[in-house]
Protein chains: 2
Amino acid sequence: MPKKKTYHHGDLKNALIKAGVAILAKDGVSGLSLRKVALKAGVSHSAPYSHFADKQALIAAISTEGFRQLYERINSSAEKYKDRPTKQLVEVAWAYVQFAMDDPDRFKVMFSDVLEKEKEYPEFVAESQRNFQLVKRIVEANQASGQLRSGPTELVALSAWGIVHGFVMLLLEGQISHTILEQTSLRELLEFQIESLRK
Amino acid sequence: MPKKKTYHHGDLKNALIKAGVAILAKDGVSGLSLRKVALKAGVSHSAPYSHFADKQALIAAISTEGFRQLYERINSSAEKYKDRPTKQLVEVAWAYVQFAMDDPDRFKVMFSDVLEKEKEYPEFVAESQRNFQLVKRIVEANQASGQLRSGPTELVALSAWGIVHGFVMLLLEGQISHTILEQTSLRELLEFQIESLRK
DNA sequence: CTCTCAATCTTGACAGTGTAAAGATTGTAG
DNA sequence: CTACAATCTTTACACTGTCAAGATTGAGAG
């Protein structure tokens, strides 16, 4: 990939997001600084301000992009198993867990208070809502096929998301003790969680 | 309480923790700086280093103290309703939710990656484990009284904690849309979540 | 094709941050 | 009473987010 060293970068905005994701993966959330991101993108420390109002805005963009990818993961998993209702739910949840484990720090940022004024980032809100809509659709289908308990789809979807999200969070926070993880595989743990939702 | 202005503070360590909690409540996690904490405690900006190795250590102490209080809340709620098995579970979960809502930022810090190397803070680990032990005891009692589905207590406890924790997290992150909250009270939402655990 | 301008990027500056080192103060053990 | 160790202050430094002023350049108007 030949990078011309012109004054105008050309696609700096996306390059910054990409650099941010990389730094997040390497140095964690506490190691994510605007200046480092700029450096990694081969640009001066103030250049990001041409594309992002402040650090929060960059983080919002990273999160938004993360939600886009999460959507793809969940959706493709749901599609893949749409003819096997008994497996679909667990597989979708598994995709969620995998996404979180692939890049824990990005996941944390996506669901973290790092974004203090979400309202100011409509794209972020939209993308995050789009994910919940997807979950609702999957839940609805599973209710129809009798895999999930009945009740208001919105609330059951909230239960489903909550139980998986809670599981992932406890996992990422290291609250799920090592002794449990030795006895039971992550996958089995997740399946046990999902069972709660069945009816 | 008259504060003598001596060179030696006397109980600076606890004063710093207290100041930290106050700043956390007022300015949020991003507004929590060591220097501000020191200032609030009426002490020079470097004084904290006599009691905490670094900022992480102070945060660890704040979190540890938070877990102590969380334990008290949960425990007293469990005691209060120990003769009413049908209510106990929801009430305990409600206490958890209330604790989180009372001071969202402290709660986030307690369960946040802000603590990157937990292993180095054995008190924190111990206190957090003590909470899980408590949850396990409550779950065990509820399994015995038929309020909770059977199965390995450790895993059911994980489910219970996960479902409530996930709920709280989605709530704090603003992922539970306003429209849902308008239709259904928080309490009802929680009860719906808990129902999943019943058998 | 040239001129102009708005978008983009750089440079320089500033206040706030965490933290390390060296020194000042003081309670307390001997 | 005295020395010491714990506690607190002062000073210093690198790094951070952000702003303002200026440099560079691509693209459209003439």
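Only heavy atoms go into these numbers, but all of them, side chains included; no hydrogens, no water, no symmetry mates. Lettering follows sequence order; numbering is per chain, from 1.
Applying the ring-ring contact (aromatic ring centres under 6.0 Å, His included) test to pairs two or more places apart or on separate chains, none has a residue in residues 34-53 of chain A. Sorted by first and then second residue, the side chain to side chain donor-acceptor pair (under 3.5 Å) pairs involving residues 14-27 of chain A (not counting sequence neighbours) are A:Asp27-A:Lys36.
Between its opening and closing five pairs, the helix from C:dC1-D:dG30 to C:dG30-D:dC1 changes axis direction by 0°, a value rounded to 10 degrees.
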Identify each atom pair where a protein N or O and an N or O of nucleotides 15-18 of chain D are less than 3.5 Å apart, giving names and distance.
unit_1: D:dT16; atom_1: OP1; unit_2: A:Ser33; atom_2: OG; d: 3.4
unit_1: D:dG17; atom_1: OP1; unit_2: A:Leu34; atom_2: N; d: 2.9
unit_1: D:dG17; atom_1: OP1; unit_2: A:Lys55; atom_2: NZ; d: 3.2
unit_1: D:dG17; atom_1: OP2; unit_2: A:Leu34; atom_2: N; d: 2.9
unit_1: D:dG17; atom_1: OP2; unit_2: A:Arg35; atom_2: N; d: 3.3
unit_1: D:dG17; atom_1: N7; unit_2: A:Arg35; atom_2: NH1; d: 2.5
unit_1: D:dG17; atom_1: O6; unit_2: A:Arg35; atom_2: NH1; d: 2.8
unit_1: D:dT18; atom_1: OP2; unit_2: A:Tyr49; atom_2: OH; d: 3.0
unit_1: D:dT18; atom_1: OP2; unit_2: A:Lys55; atom_2: N; d: 2.8
unit_1: D:dT18; atom_1: O5'; unit_2: A:Tyr49; atom_2: OH; d: 3.1
unit_1: D:dT18; atom_1: O4; unit_2: A:Arg35; atom_2: NH1; d: 3.2

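Taking A:Leu181 as the reference, A:Leu171, A:Ile176, A:Leu186, A:Leu189 meet the side-chain contact (heavy atoms from CB on, under 4.5 Å) condition, with sequence neighbours excluded. With sequence neighbours excluded, the residues forming a side-chain contact (heavy atoms from CB on, under 4.5 Å) with B:Ser159 are A:Phe192, A:Gln193, A:Ser196, B:Arg149, B:Leu197, listed by chain and number. A:Lys136 pairs by the salt bridge (charged side-chain N to carboxylate O under 4.0 Å, His left out) definition with A:Glu154, not counting sequence neighbours. Considering only residues two or more places apart in sequence or on other chains, B:Lys87 meets the salt bridge (charged side-chain N to carboxylate O under 4.0 Å, His left out) condition with B:Glu91. Residues satisfying the salt bridge (charged side-chain N to carboxylate O under 4.0 Å, His left out) criterion with A:Glu191, sequence neighbours excluded, are A:Arg187.
The ring pair (Phe, Tyr, Trp, His ring centres under 6.0 Å) test with A:Phe111 is passed by exactly one of A:Phe99, A:Phe67, A:Phe124: A:Phe67.
Ranking D:dT9, C:dC9, D:dT7 by closeness to the A:Ser50 side chain, first place goes to C:dC9.
We find that CG of B:Leu58 is positioned 14 Å from C1' of C:dT19, with the value rounded to whole Å. The separation between B:Leu12 atom CG and C:dG27 atom P is 15 Å, rounded to whole Å.
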